[in-house]
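What follows is a set of notes on a single structure, which appears directly below.
From a predicted model like this one, the values you see are computed outputs, not experimental measurements.
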Amino acid sequence: MGCWDLVAMVTDCTLPELPRPRVRAARLPGCPRVMDSPNSQPLNFPTTSRAHLRPLGVSIDDSLFTETKNTQKRKLSQKRKTLLSGSFSIGGHLSPWPRYISDQTILHNRKPCSDDYRKRAGSLQQPLGTTKPRYLEQLENYLRKELLLLDLSTDSAQELRLQPYREIFEFFIEDFKTYKPLLSSIKNAYEVMLAHQREKIRALEPLKAKLITVNENCNERILAMRAEERDEISMLKKEKMNLLKLIDKKNEEKISLQTEVTKLRKNLAEEYLHYLSERDARKILIADLNELRYQREDMSLAQSPGVWGEDPVKLTVALKMARQDLTRTQMELNTMKANFGDVVPRRDFEMQEKTLKELQEQLESLRDDYEEVRKEHEMLLQLHMSTLKERDQFYSELQEIQRTSTPRPDWSKCEGNAGPRALGTAQVCGLDSSSLSATPADMVAGGRDRWHMLAEGKNSDQLVDVLLEEIGEGLLREKDFFPGLGYGESIPPFLRFDGIVENKKPTKKEVVKLLKDAWKERITEEQKEKFPDFFFSFLERHFGPGDAMAWAYTIFEYIKLFHTNEVMSQFYAVLMGKRKESVYIKQKQTIAQLLKEMTNVDSQNEGLLTMEQLSTVLKSTFPLKKDERIQELMEAGGWHPSSSNADLLDYRLLFMEDEEGQSVPFVQKLWEQYVVEKDEYLNELKQELGLELNEEVTLPKVREALMNIDPNLDKQTLNHYLRQAFQLPMTEMPEEGEEREEGIVTQLQTALEQLQMSDIRRMGPREQEPAS
């Protein structure tokens, strides 16, 4: 076998991952066989092992490197001995394979034990005498085993996969002594290049992280710039709309000015014609005056004695000229008569013009009076029709009441024996007939005096409520325990308990005092938690966690029963979500502000005000209230028609409360007027929308209706009303003019109920529509 065959075999058996060394046959000398010269001394080139590659630019201790190198050499020599346990070639020479067979039998870069590999191995039928060398088969088997043992799921899979090929290449270098220097130099060059590339990749890793950081910073800056640009674009759009409105306004002013200029030009032309005619008339009058003066001079000359001595020819010419002037003057006179025969004198014209203006003014005033009278007549007709309807309705209601009603109860029975109505009331409330005795104390605690105090100034409906509350209070005091309501979702959080709860049996005064303390603590806090949660936390702080649930059930039963008590009824409404707590807080602030205004007017600090001062303070504090409601407040404060403006009033008594939290009639009247004014405000809103209660309404329509009925609403208050009506958080409230406003829809009845629960009031008078 020649040298070219050896080079071909060596080059064809190298791995695909390593570049094939190209050796020209012309440069090879005598090409001795590899195994022929056992005494030949091969050149020793340093080799590399699987894990100890020496990259470029990395210094390693010589002793450590030498020891590692020797260890790796021993391992490789052992593997070589294992591989070379059989004969290397036939007769001590290199096998001529694969010179006489096809290249398809050479080991390809295929995964061992794969289907494709098995198909190729089965399809190749090698002829007898041309089988692979045993050494090549051993190398291929060793390579397959090493590749199968590798874990290719790690990040360094390619490095591990390269290691078996390095070992196979080491075996070639060690066995082919003649080409060992060349193959070792080729291998070392590749290893150095790989180490250099690893160092370069390792050096570029921080640059990659820096590029990622710079990219993120740039993205953040771009997003920030886009946000600023969006804000600037919105501002520019608003400015554009304002400028467009300004341009429209200027165009309207321009059109009005052009109209005015046209009118002034027309007036100027009329005045010019007027003055032109006056000038012509003046010239004519001057000519007439000159003519008359000339005639008078001629007459004076004719009467003078010296006329007879003048030349007759001259006189004839003068006479002729005088006749011509006379003819011309007569023609001008006729022309003047024809042109100005119907002209009225200026003095008469001015008098007639003045009279015309006076008559026109009288006509306008009469027209205005007629319109007012006509409107009053229409209003009276409407009032008459509404009065007739009300009369018919009241008459039908009266007949219905007379047909179905029972006689008015005799409430004096509550002072003595228990009558049948009291017995029926007690049975309705859960009492038996044996609990009703013939003494007043059995009906109402406190006897006759307390009943007179409770019944003072109340109608039958209110007396029924008082009687039911008194009977219910007795029942509550008889109970020692309350059954727990469980943990259902419909149960309020402060009542969620399963078991028996103790009845603390407090007095009505104690409950009122406890509720007032809760309101004071709630107002001073920042209101971070919901009101039911705050109420239970308040009870835990005052009575401890053990008794908090018992007090919660006890207070809940009391405030649910005494709905005629102001403090209890308002606390119950807020606790059950039927009213916003801002309503109570705003009402207390209004009362405090009114008391402060009265104190400021009382310069002597005597606690006294005149009726006139009281009226002034009420009108200044409530500028939107009508005079009738101011009058009602004054009457509730103690004013009566026989009082004079100088009568003194102790205004501090108007804000007093009894031990059970009941306010005086003045504060009660303030609350009643607030409720009535809120109902009127919501009725105006409903009429402005023009929808039925079951119809849906959008947010822009409600916004427009609120601005129509209350033009003085500021933007913050308007948005607050809209958030309450549509139950929107502050972050989801759209700005006016946004497209998503139309998508916010709710039922009209729901919106009105939410506004009824909230603190809403009129901010200013409603603008009256201009008269036609």
Side-chain angles (χ1 to χ4, degrees), residues 227-228 230-242 244-245 522-523 525-531 534 573-574 577-590 593 622-625 674-691 693 695-767:
E228 293 177 358
R230 283 197 295 270
D231 296 338
E232 187 176 357
I233 288 171
S234 62
M235 292 177 61
L236 291 175
K237 286 182 178 179
K238 292 181 180 178
E239 186 177 358
K240 175 186 175 184
M241 296 301 297
N242 294 332
L244 289 175
K245 292 179 180 178
R522 180 63 170 177
I523 292 173
E525 286 186 352
E526 297 181 359
Q527 303 181 7
K528 294 182 179 179
E529 55 184 348
K530 296 181 179 180
F531 194 80
F534 159 77
V574 175
K578 298 178 181 179
R579 187 180 299 154
K580 303 290 185 182
E581 56 185 295
S582 59
V583 177
Y584 176 83
I585 296 173
K586 184 64 176 178
Q587 184 68 12
K588 290 298 180 183
Q589 292 175 353
T590 303
Q593 179 66 22
F622 306 108
L624 299 179
K625 284 188 180 293
Y674 167 74
V675 174
V676 172
E677 290 168 358
K678 182 192 288 187
D679 293 338
E680 293 176 353
Y681 191 80
L682 294 179
N683 286 333
E684 288 185 18
L685 177 62
K686 180 178 177 297
Q687 293 177 2
E688 184 68 24
L689 290 172
L691 300 174
L693 292 177
E695 295 184 28
E696 292 185 343
V697 62
T698 60
L699 190 144
K701 287 186 178 180
V702 178
R703 185 195 298 273
E704 182 181 0
L706 285 173
M707 291 304 298
N708 289 336
I709 66 173
D710 196 358
N712 294 323
L713 273 176
D714 56 281
K715 184 177 180 181
Q716 183 178 359
T717 307
L718 177 61
N719 290 337
H720 175 70
Y721 288 175
L722 293 175
R723 288 200 306 272
Q724 295 297 330
F726 290 88
Q727 292 295 292
L728 294 175
M730 185 177 294
T731 56
E732 297 181 7
M733 182 65 190
E735 293 292 336
E736 184 177 2
E738 291 188 11
E739 295 182 357
R740 60 193 183 100
E741 274 190 327
E742 297 292 339
I744 302 177
V745 181
T746 188
Q747 199 171 14
L748 179 58
Q749 184 175 2
T750 304
L752 294 178
E753 289 175 355
Q754 293 296 329
L755 291 176
Q756 183 70 38
M757 293 166 53
S758 307
D759 177 38
I760 62 170
R761 58 189 70 211
R762 183 177 293 279
M763 295 290 108
R766 183 172 184 178
E767 296 181 359

Beyond-backbone contact of [X] with [Y], side-chain heavy atoms, under 4.5 angstrom:
X    : Y    : result
L699 : L728 : yes
K586 : Y674 : no
E680 : R762 : no
L693 : K686 : yes

Nearest 0.5 angstrom please: [X] [atom1] to [Y] [atom2], how far?
X    : Y    : atom1 : atom2 : value
L755 : L685 : CG    : CG    : 7.0 Å
Q747 : L691 : CD    : CG    : 11.0 Å
R723 : L718 : CZ    : CG    : 10.0 Å
E232 : E239 : CD    : CD    : 10.0 Å
S582 : H720 : OG    : NE2   : 5.5 Å
R522 : E529 : CZ    : CD    : 6.5 Å

Test side chain to side chain contact (heavy atoms under 4.5 Å, CB included) on E741 and T698 and set out the steps. CA-CA 8 Å; E741 274 190 327; T698 60; over 6 Å; no

Any idea which heavy atoms bring P765 and P711 closest together, and the distance?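 Heavy atoms of P765 and P711 come nearest at O-CD, 3.8 Å.
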
What pair of heavy atoms forms the shortest contact from A725 to T746, and how long is it?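 Minimum heavy-atom contact is O-CG2, 4.4 Å.
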
Donor-acceptor under 3.5 Å ([X] side chain, [Y] main chain):
X    : Y    : value
E732 : P729 : no
R761 : Y681 : no
K678 : I760 : no
K580 : Q754 : no

Given salt bridge (charged side-chain N to carboxylate O under 4.0 Å, His left out), test K530 with E581 step by step and report yes or no. CA-CA 10 Å; K530 296 181 179 180; E581 56 185 295; over 6 Å; no

Any Lys/Arg nitrogen of K701 or E696 sitting under 4.0 Å from an Asp/Glu carboxylate oxygen of the other?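 Looking at K701 and E696, the cut-off is not met.
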
Let me see the working for L713 and M763 under side chain to side chain contact (heavy atoms under 4.5 Å, CB included), right down to the final yes or no. CA-CA 6 Å; L713 273 176; M763 295 290 108; 3.4 Å; yes

Do you know which of V702, D759, D710, L706 makes side chain to side chain contact (heavy atoms under 4.5 Å, CB included) with Y721?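 That would be L706.
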
Would I585 and Q589 count as a side chain to side chain contact (heavy atoms under 4.5 Å, CB included) here? Give the steps. CA-CA 6 Å; I585 296 173; Q589 292 175 353; 3.6 Å; yes

